[in-house]
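Worksheet: one structure, shown below.
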Protein chains: 2
Amino acid sequence: MDKDTDTAGQKRKTTWKKDPAAVKENILTIATEEFAAHGLSGANINEIARKTATSKRMIYYYFGDKEGLYQHVLERVYSSLRNEEQMLNVADLAPIPALRRLTEATFDSHVNNPQFIRLVMIENIHNAEYVKKSKSIPKLNKAIIDKLTDVCERGKASGVLRVDADPLELHWMTSSASFYNVSNMATFSTSFGDSLYTEQGQKRLRQRVVDMVLGTVVIGYQPDTPSSNCA
Amino acid sequence: MDKDTDTAGQKRKTTWKKDPAAVKENILTIATEEFAAHGLSGANINEIARKTATSKRMIYYYFGDKEGLYQHVLERVYSSLRNEEQMLNVADLAPIPALRRLTEATFDSHVNNPQFIRLVMIENIHNAEYVKKSKSIPKLNKAIIDKLTDVCERGKASGVLRVDADPLELHWMTSSASFYNVSNMATFSTSFGDSLYTEQGQKRLRQRVVDMVLGTVVIGYQPDTPSSNCA
DNA sequence: CTCCTTATGTACCTCTGGGTTAATTTGTCA
DNA sequence: TGACAAATTAACCCAGAGGTACATAAGGAG
């Protein structure tokens with residue numbers, strides 16, 4: 001991985017170690033940054049190569065072409081986020097706290113993974129072409145729906161959730177707010193100021209998202225901020 | 001604008017009319033499609049030129065360079081959508097119906113303007129760089145906030161809205177759902193099936209968005225679909 | 001009619017960026 | 001220890017895309 005920049009710099013006797021795993025990982029890390037920053041067509045292979053500790057040839061050696069690299073980047077970032085989501089255990093919480101917890105966790109995980117958001121935006125610009133091609137991504141999406149399904153069933157059984165509460169709709173509502181919060185920060189704050197993107201603004205928004213989601217499925221839900229305006 | 005493809009095709013005596021407005025409009029229409037489809041870096045000037053009724057030279061004549069063209073496209077599509085929004089008059093509706101109406105209108109206008117959505121997505125990938133540069137766009141965003149402010153004030157005065165109802169937050173909530181609905185259709189339906197993107201699914205979602213938004217600000221709000229699951 | 005500005009078409013230039021070729025080093029197994 | 005595959009480097013190729021030079025037609029003013 002190291003170039004031998006000899007002091008004399010004459011013989012160019014390069015010496016290096018074989019370390020395919022590290023090289024691949026290094027390439028993917030840099031490529032993720034670049035694709036997330038500039039998109040598929042906007043990212044530049046020469047630039048990616050330059051930022052890695054290895055050479056352009058290695059990118060083609062391991063990933064075939066630009067699209068292959070992008071595909072790997074996409075699958076890697078998807079699986080990383082979904083695994084993070086899978087960590088969360090709400091099976092031992094009552095339905096309403098569980099739902100609150102899931103919503104907050106989704107909101108937070110989006111905030112903490114802007115690269116994922118950007119790559120999904122880019123995928124949508126490409127009509128999800130590469131997500132569709134992927135064999136690994138479809139499997140990853142079951143976990144969150146399963147959790148919501150469980151919560152809904154328990155909630156309906158105990159009578160605290162409306163009978164028309166739907167796991168997929170819940171996921172859609174939570175995702176839409178959480179995703180937009182990150183994806184459209186730039187245009188939104190440019191157009192309307194950044195008051196919702198200060199630390200306090202985000203705190204309030206996070207609470208509002210919980211209220212929004214719970215409000216649609218919890219019978220007789222009342223937000224816990226009854227009257228006062230702001231701190 | 002018309003090329004004179006002479007039958008003999010020898011003398012190439014091209015004949016054309018001066019029509020700058022139409023040429024510009026034609027270029028912008030095609031460019032909007034191309035930028036919306038492929039992004040700033042993904043769109044191809046030669047391809048845009050080929051699809052217009054004029055030549056590449058004209059693009060540079062009127063818009064300077066690729067970025068200039070993109071900037072014009074962006075401003076044009078922004079002003080088109082915001083003008084559409086401005087048409088809507090809710091001043092003579094009671095606060096709650098007005099809020100419902102505004103929410104529904106936002107949802108619908110997003111569905112009906114996928115190119116706008118795609119260009120805003122692209123802008124966000126570029127960190128709103130070109131929106132920030134624009135002189136015309138900032139002015140366009142006041143209208144919707146003004147309307148929401150009016151509704152909030154009336155609603156609070158008459159006691160039907162919570163005192164912490166905030167116009168900007170309301171706009172954020174409505175936008176997030178409406179925007180995500182269109183922007184992430186490709187990845188969402190790929191991952192979770194297209195049940196929310198059928199005609200019925202969209203109808204239900206639209207209602208849910210209204211319930212979500214009103215639920216956070218209307219005192220004692222109850223969705224009007226009390227118990228049954230689906231038709 | 002002539003001149004001038006605006007508008008337009010054609011052909012071309014340049015360089016970037018995705019991708020490749022060929023040669024070299026590393027490590028391993030007989 | 002020598003051969004062989006895997007890993008890596010450096011240098012190169014070239015199509016294509018952004019952008020330009022140049023010539024010329026359209027249309028209006030005087």
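Excluded from the calculations below are hydrogen atoms, water molecules and symmetry mates; all remaining heavy atoms, backbone and side chain alike, are included.
For the pair A:Lys56 NZ and D:dC12 P, the computed distance is 13 Å after rounding to whole Å. Atoms CG (A:Leu69) and P (C:dG17) sit 16 Å apart, rounded to a whole Å. As a whole-Å value, the separation of B:Asn26 CG from C:dT8 P is 11 Å. Rounded to an integer number of Å, the gap from B:Asn46 CG to D:dA15 P is 16 Å. Atom CD1 in A:Ile48 sits about 11 Å away from atom P in C:dG19, given to the nearest Å. Residue A:Trp16 contributes atom CH2, which lies 9 Å from atom P of C:dT25 at whole-angstrom precision. The CG atom of A:Asp19 sits 11 Å away from the P atom of D:dA7 (whole-angstrom rounding). Rounded to whole Å, atom P of D:dA17 lies 12 Å from atom CD of B:Glu34.
In this structure, A:Ser55 reaches the D:dT9 phosphate: one of its side-chain N or O atoms is under 4.0 Å from OP1 or OP2. Regarding contacts with the backbone of D:dG18, a side-chain N or O of B:Asn44 is found under 4.0 angstrom from either OP1 or OP2. At least one side-chain nitrogen or oxygen of A:Thr54 sits closer than 4.0 Å to the OP1 or OP2 atom of D:dT9.
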Under 3.5 Å, which protein N or O atoms sit close to an N or O of nucleotides 21-23 of chain C? Give each pair with its distance.
unit_1, atom_1, unit_2, atom_2, d
C:dT21, O4, A:Arg57, NE, 2.9

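A salt bridge does not link B:Glu33 with B:Arg118: none of the charged nitrogens is closer than 4.0 Å to a carboxylate oxygen. Residues A:Arg82 and A:Glu85 are paired through a salt bridge, judged by an N-O separation under 4.0 Å between the basic side chain and the carboxylate. The pair A:Arg50-A:Glu47 counts as a salt bridge, with a side-chain nitrogen and a carboxylate oxygen less than 4.0 angstrom apart. Under the 4.0 Å criterion applied to side-chain N and carboxylate O atoms, A:Arg204 and A:Glu199 are not assigned as salt-bridge partners.
At least one donor-acceptor pair closer than 3.5 Å links the side chain of A:Glu123 to the backbone N or O of A:Val131.
Only one option out of A:Ile117, A:Leu119, A:Asn124 pairs with A:Met121 in a side-chain contact (heavy atoms from CB on, under 4.5 Å); it is A:Ile117.
For DNA chain D, the neighbouring residues in residues 58-68 of chain A, judged by any heavy atom under 4.0 Å, are A:Met58, A:Tyr61, A:Tyr62.
Looking at heavy atoms from C-beta onward, A:Phe116 lies out of side-chain contact with A:Val182 at the 4.5 angstrom threshold. The shortest distance between side-chain heavy atoms of B:Phe107 and B:Thr174 does not fall below 4.5 Å.
Among the protein residues, B:Ala43 comes within range of the sugar-phosphate backbone only, with heavy atoms under 4.0 Å from sugar or phosphate atoms but none that close to a base.
Between A:Tyr130 and A:His126, the ring planes lie perpendicular to each other; the angle is over 60°, past the 30° to 60° tilted range.
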